[in-house]
Amino acid sequence: MSKLTFARAINAGLRKSLENDPKVVLIGEDIGSLGGVFRVTDGLQKDFGKHRVIDSPLAESGIIGTAVGLAYRGYRPVCEIQFDGFIYPAFDQIVSQVAKMHYRTQGRVKMPITIRVPFGGGIGSPEHHSESPEAYFTHTSGLRVVAVSNPQDAYTMIQQAIASDDPVLYFEPKRRYHDKGDVDESIDLSNAMPLDKAAVVNAGSDVTLVAYGPLVKTAKDAAQAAADEGISVEVIDLRSLAPVDYPVVEASVRKTGRLVITHEAGQSGGLGAEIAASITERCFNYLESAPVRITGFDVPYPYSKLEMHHLPNLDRILDGVDRTLGRPNSLSGLEG
Amino acid sequence: MLTDKAGKGVQNDAPRPGQSAQNPLRTGGNLLQLVSPEGERISHPEFDLWIKDIGDEQLGSLFEDMTVIRRIDTEATALQRQGELALWPPLLGQEAAQIGSSRSLRDDDFVFPSYRESGVAYIRGAHVSEIAQVWRGNALYAWDPQRINMATPQIIIGSQSLHATGYAMGVQLDGASTAVLAYFGDGATSEGDVSEAMVFAASFQAPVVFFCQNNHWAISEPVRVQSHVQLADRPTGFGIPSLRVDGNDVLAVMAATRWALDRARSGGGPTFIEAVTYRMGPHTTADDPTRYRDPNELEDWAAKDPILRLRRLLDVKGLLTEDLEGRVKAKADAVAAELRNSCVNMPDPQPLDVFNHVYSTPNSWIERQKDHYSRYLNSFNQPVEEGAL
Ligand SMILES: Cc1ncc(C[n+]2csc(CCOP(=O)(O)OP(=O)(O)O)c2C)c(N)n1
């Protein structure tokens, strides 16, 4: 067991994948001698060479499109998109090619491509550096989408993503890159929790709180604060955003009867809407109140001086918990 | 006229393979032609070498292939008109470009086509039924890419140029001597992906050949809307040599493609070929070219018909015998009959097939939807109870 930062944990996972499988190649902007702008690929080019850790031209469609060709040739490319807001030039290659090639060829051509995306806000960045584009991809069949929330998962899930024969979008919460945590580097991947499983990270009985990526920590803090007021919150770290592990969320909601979902992305058409609808379909008769979403606003990601208003925080989440419990809250009296 | 370092004029078409970046790149220039529209063989100091093995018999077989794919095209168009195919993208007029380039490939080379390369697919060994099923709506996948070393039809314009480049980068990692050929149209050169593909290919010196069939039209838009310069002049800025060939001259296409493939296989890096040809039919069977195209233009190009040109060459050489014509016709008839038969007898896919192969691993969302839909379908087989609504 070692104590690693989030970024080092991903680095260790990448290293292990490069060691174990000669078909794994990394490609992205500045990932070589610089080690990536977040240093996630630090030292990998030095140890594995320029052919395995490839500094690409500055062309996102090119990064993903050439990865498609590499996968066609039997490689397992791991692409780094430098920042969330720069994934859009590659959108066509991701949704039209990466996602569809397996279906298009009826399973004859696999796309074992991992696309690493540092995502989310909270680090005071300029425009295009703090976005949460996950819903565009969860809406696209053929893609698996995951978001990691702690160094151990980061280490394990990057290896599982690379080993997956299906393409995986791997979202890294950039504001947690420097958080440290215990990482068991000897973990046996075949015994590890599967990539598409959700984890109950705080047991509770009054309200189910669903979070992923950077907000898992906030959600756990909120559960702690709620506990001080005698409210028992069950926190679920989704881990997989596509597919969502509904049986785990369902079991929790059947127990608590209440659901709060939180994400940094805007609300409309977001993952929270999908989860609220699916859980309502599956456990309508168990619900004591309507599911509540605590999310970023439906605005472009704001300037950093205001981002703390946009990002769900502990208090906004607790306000949502109060809503599901019918306790006094910021919207009290609205419906009346 | 290009100028070399010493300032001495060099002819565009002088042999200069494997140039280093310091030297001027071979670019576009005069149209490479080895057979005139009248069917006369035009000798060429460099490119004759690349087709010196093409004797009488090979000329006959090129004639056969071009005739067969024209026949596939005619038959498929008819099948579409009869409602047997949902759509068909004709290749009429592009037979020399498709046959000349695809017959230059080795089996281990890999092809990334657009949607119009049915002739290339035929040469690579796709069964005509596999070519038809995509346009019939029976499958998305056409042929098995790994079996014939050719990706399935690509509809997103220019996308495949990046896939070809990535594949070629993989070839380099493998240390193999395989070449990769990407087909796209003149319109596609406007897409960012084609430019990005050239950036990647040049930076990594990937063994890829970009084969642009300039058929003069992108649906209704003429090539001048896509480019202010000759298409073959564009790659120079990326550091990629290019050739401009008469795309209706099968020997010129073959010589150019073999030259480029050889460069790729021997570590010379990427090449761009602009095959200047003409789409004589509509863009697809849903298109009406009379709305945007001057009929005189079609007439001019009909005179440069690639099959007519090869016939003339065969005639000049005294090879256009009754025997050859008979054999070629019989072959074309047989392939057309096979296409028709396999098309009309193709079984429809099953409803639940819609859910298959989205992922290679099980996916709980799709499995649930598949389960629900199969229950729904089965509900039609349940006996309706007496008195029920
Ligand atoms: C990204 C994209 N945009 C638009 C289209 C619609 N479209 C299909 S074919 C075509 C014209 C392509 O022309 P060109 O590249 O010259 O190839 P050609 O059809 O002439 O062989 C267009 C606009 C498409 N398939 N993909």
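Each chain gets a letter, A, B and so on, in the order its sequence line appears, and its residues count up from 1.
Only the side chain of A:Val25 comes within contact range of chain B, with heavy atoms under 4.5 Å apart. Contact of B:Ser195 with chain A is not made at all, since no heavy-atom distance falls under 4.5 Å. Within the 4.5 angstrom heavy-atom criterion, atoms from both the backbone and the side chain of A:Ala242 approach chain B. For a residue to count as touching a neighbouring chain, one of its non-hydrogen atoms must lie under 4.5 Å from one of that chain's; by this rule B:Arg368 touches chain A with the side chain only. Looking at A:Ala67, there are no atoms closer than 4.5 Å to chain B (heavy atoms on both sides), in backbone or side chain. For A:Lys100, no part lies under 4.5 angstrom from a heavy atom of chain B. Only the side chain of B:Ala176 comes within contact range of chain A, with heavy atoms under 4.5 Å apart. Residue B:Val194: no heavy atom, backbone or side chain, is found under 4.5 Å from chain A. With a threshold of 4.5 angstrom between heavy atoms, A:Tyr75 approaches chain B through side-chain atoms but not through N, CA, C or O. Contact annotation for B:Gln160: neither backbone nor side-chain heavy atoms come within less than 4.5 Å of a heavy atom of chain A. For a residue to count as touching a neighbouring chain, one of its non-hydrogen atoms must lie under 4.5 Å from one of that chain's; by this rule A:Ser61 touches chain B with backbone and side chain alike. Looking at B:Val134, there are no atoms closer than 4.5 Å to chain A (heavy atoms on both sides), in backbone or side chain. Using a 4.5 Å cut-off between heavy atoms, A:Arg52 does not touch chain B at all. Contacts between A:Asp92 and chain B at a heavy-atom distance below 4.5 Å involve the side chain alone, from C-beta outward. Only the side chain of A:Met101 comes within less than 4.5 Å of a heavy atom in chain B; its backbone stays farther off.
The closest side-chain heavy-atom distance from A:Arg144 to B:Thr361 is below 4.5 Å. Residues A:Gln97 and B:Leu162 fail the side-chain proximity criterion, which asks for heavy atoms closer than 4.5 Å. You'll find the side chain of A:Asp196 stays beyond 4.5 Å of the side chain of B:Ser364, heavy atoms only. Side-chain contact check for B:Pro145 versus A:Arg108: some heavy-atom pair is nearer than 4.5 Å. No side-chain heavy atom of B:Phe112 sits less than 4.5 Å from a side-chain heavy atom of A:Val68.
Counting heavy-atom pairs closer than 4.5 Å to chain A, the top residue among B:Asn356, B:Val199, B:Ile155 is B:Asn356. Contact count against chain B (heavy-atom pairs under 4.5 Å) is highest for A:Asp165 among A:Ile64, A:Asp245, A:Asp165. In terms of non-hydrogen atom pairs under 4.5 Å with chain A, the most contact-rich of B:Thr165, B:Thr152, B:Val171, B:Asp144 is B:Asp144. Top candidate by heavy-atom pairs under 4.5 Å with chain A, chosen from B:Val358, B:Asn363, B:Thr178, B:Val180, is B:Val358. When each of A:Gln106, A:Arg104, A:Lys110 is scored by its heavy-atom pairs under 4.5 Å with chain B, the top score falls to A:Gln106. With chain A as partner, the option from B:Ala168, B:Ala142, B:Gly166 having the largest number of non-hydrogen pairs under 4.5 angstrom is B:Gly166. For chain A, the option among B:Ala206, B:Ala151, B:Ser161 with the highest count of heavy-atom pairs below 4.5 Å is B:Ala151. With respect to chain B, the highest number of heavy-atom pairs below 4.5 Å among A:Thr105, A:Val244, A:Ile54 belongs to A:Val244.
Surrounding OH of A:Tyr286 are at most 12 heavy atoms belonging to other residues, nucleotides or ligands under 6.0 Å away. Atom CG of A:Asp188 has more than 12 neighbouring heavy atoms from other residues, nucleotides or ligands inside a 6.0 Å radius. Environment of OH in A:Tyr136: sparse, with no more than 12 heavy atoms of neighbouring residues, nucleotides or ligands closer than 6.0 Å.
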message: Does A:Arg73 form a side chain to side chain contact (heavy atoms under 4.5 Å, CB included) with B:Leu173? I'd like the steps, not just the answer.
response: CA-CA 10 Å; A:Arg73 181 76 191 176; B:Leu173 289 172; over 6 Å; no
- prompt: Do A:Ile27 and B:Phe200 pass the side chain to side chain contact (heavy atoms under 4.5 Å, CB included) test, and can you show the C-alpha distance, the side-chain angles, and the key distance before you say yes or no?
  reply: CA-CA 12 Å; A:Ile27 181 162; B:Phe200 273 70; 4.2 Å; yes
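In this structure, A:His102 contributes its side chain and B:His357 its backbone to a donor-acceptor pair below 3.5 Å. Looking only at distances, a side-chain donor or acceptor of B:Tyr359 sits under 3.5 Å from a matching main-chain atom of A:Leu143.
Side chains of A:Gln93 and B:Asp193: a donor-acceptor N/O pair is present below 3.5 angstrom, by distance only.
Closest approach of B:Phe204 to A:Ser56, counting heavy atoms only: CZ-CA, 4.4 Å.
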